[in-house]
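All remarks here apply to the structure that follows.
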2 protein chains.
Amino acid sequence: MSAGMRLYDLAGADERVRFSPYCWHTRLALAHKALSAETVAWRFTEKEAIAFSGQGKVPVLLDGEHCIHDSWQIAEYLEATYPDRPSLFGSTSEHALVRFVERWTTETLHPAIGRVIAPDLLAMLHEKDRAYFQTTREAAFGTTFAAMILARDEALATLRRVLQPLRSTLAAQPFLAGSAPNYADHVAFGAFQWARVSSPVTLLAADDTSLQAWCERMLDAYGGIARAARRAV
Amino acid sequence: MSAGMRLYDLAGADERVRFSPYCWHTRLALAHKALSAETVAWRFTEKEAIAFSGQGKVPVLLDGEHCIHDSWQIAEYLEATYPDRPSLFGSTSEHALVRFVERWTTETLHPAIGRVIAPDLLAMLHEKDRAYFQTTREAAFGTTFAAMILARDEALATLRRVLQPLRSTLAAQPFLAGSAPNYADHVAFGAFQWARVSSPVTLLAADDTSLQAWCERMLDAYGGIARAARRAV
């Protein structure tokens with residue numbers, strides 16, 4: 001079924017800039033399983049282009065007659081459909097634990113990074129996406145972009161505190177999943193790749209060695225697809 | 001080797017009140033492996049009583065000629081020493097993921113709960129432990145007990161936000177480890193048991209159903225040892 005797989009992937013004003021952390025989950029999961037997909041640049045406001053999926057967000061994966069949206073659902077689909085490829089989750093109970101990493105990343109880490117990089121995201125978006133992005137993000141953060149710019153140092157300090165469990169885990173082992181990455185690493189690293197592609201801000205202090213080293217390993221993984229990604233800045 | 005296992009276990013003024021979250025990690029891990037240990041009530045300031053372990057904190061587990069301290073080290077010891085008993089960690093990569101849950105619990109969840117319950121902990125400690133506890137905790141939190149009492153509502157609101165990844169994970173599955181608990185559940189639930197034993201504060205809102213239900217399952221697990229625990233209040 002993998003022939004002709006297609007992934008709708010969030011893009012900036014420069015369509016080569018692919019910054020969505022959720023789309024990176026899927027791109028790394030595909031790479032982990034040695035599957036390839038043609039990516040289709042998509043902008044936030046192009047709702048009609050993915051209306052066939054029954055909703056309005058990416059990633060959306062088309063695989064033959066199958067259409068799957070939501071990065072977690074896509075990972076579960078890939079795992080079920082391509083069981084002979086390297087596993088994204090390992091055992092059933094490991095799969096359950098990866099869920100916690102995914103929830104922590106989405107619900108704790110993403111908001112903390114978002115408060116730091118949101119102004120840079122606004123700047124690199126296609127013009128037609130900017131009003132949508134500003135309105136939805138100011139509502140989600142309960143503040144204005146102007147206020148976020150002024151509070152960036154504080155947001156960066158908060159982020160570095162939020163990262164502590166990831167930092168100390170990765171001081172004890174090369175990857176969240178141990179000696180090699182799995183979907184837990186794809187998800188958590190996707191947050192760093194989001195920032196790397198879209199913002200000039202240095203998220204990690206120079207002496208944050210365990211997180212720095214893990215990011216380097218993830219940038220190198222799967223033939224270096226994350227490192228090769230086009231950056232907006 | 002399990003005959004005669006002994007666990008030094010933190011106690012309150014009433015020595016039947018055992019409140020340390022780290023000691024609960026070990027007690028649940030022992031129960032998971034169907035191993036029993038005689039517990040020895042220990043207070044914070046009784047450093048000489050565990051000096052044989054080369055450090056000054058509990059849990060300390062004595063198993064035959066082996067002396068192990070630090071709840072994570074004890075779990076790894078039990079897993080290695082009693083491999084035929086039910087596994088605490090499952091696969092190697094699952095073990096690595098449990099590490100993240102343990103780090104998140106210790107570094108994010110414990111401070112958030114501690115800010116809510118620290119005044120109650122002070123009240124239930126043995127008189128001889130109180131000055132030690134107040135000094136070390138006020139330093140760790142960077143505030144006074146008086147200020148913590150006054151900021152309790154805010155601390156509770158913060159805690160409930162911090163719990164979001166645990167909440168949404170447990171909305172999707174019965175335990176962190178999936179259909180049955182493992183050491184990830186022991187660790188995360190140990191934080192709730194800490195509060196349950198030592199504080200009258202209701203940590204969870206009445207409509208926080210996924211966390212409430214998981215706590216009930218953990219209270220019932222292993223013959224209900226957590227539910228049967230003596231409470232200070």
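These values consider heavy atoms only, across backbone and side chains, with no hydrogens, waters or symmetry-generated copies.
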Exercise for the section: Could you tell me which non-hydrogen atom of A/Ala96 sits nearest to which non-hydrogen atom of B/Gln173, and how far apart they are? Expected result: O-NE2, 3.0 Å
Practice task
List the atom of B/Glu94, the atom of A/Ser91, and the distance in Å for their closest heavy-atom pair.
Solution key: OE1-OG, 3.5 Å
Practice task
Using heavy atoms and a sub-4.5 Å threshold, report which of residues 157-168 of chain A line up against chain B, by residue number.
Solution key: A/Gln164, A/Pro165, A/Leu166, A/Ser168
Exercise for the section: Name the member of A/Thr169, A/Thr92, A/Val101, A/Thr106 that forms the most heavy-atom pairs with chain B at distances under 4.5 Å. Expected result: A/Thr169
Exercise for the section: Check the angle between the aromatic planes of B/Phe100 and A/Phe100 and answer parallel, tilted or perpendicular using the 30° and 60° thresholds. Expected result: tilted
Problem - Part of A/Ala180 within contact of chain B (heavy atom distance under 4.5 Å) - result: neither
Practice task
For residues A/Ala177 and B/Ser93, report the shortest heavy-atom separation together with the two atoms involved.
Solution key: O-CB, 3.0 Å
Exercise for the section: Please round to the nearest 0.5 Å and tell me the distance separating atom CG of A/Leu97 and atom CZ of B/Phe175. Expected result: 13.0 Å
Can you give me every donor-acceptor pair (side chain of residues 53-61 of chain A, partner residue at least two apart or in another chain, under 3.5 Å) with its distance?
unit_1, atom_1, unit_2, atom_2, d
A/Ser53, OG, A/Ile50, O, 2.7
A/Ser53, OG, A/Gln55, O, 3.3
A/Ser53, OG, A/Gln55, NE2, 2.9
A/Gln55, OE1, A/Lys57, N, 3.1
A/Gln55, NE2, A/Lys57, O, 2.9

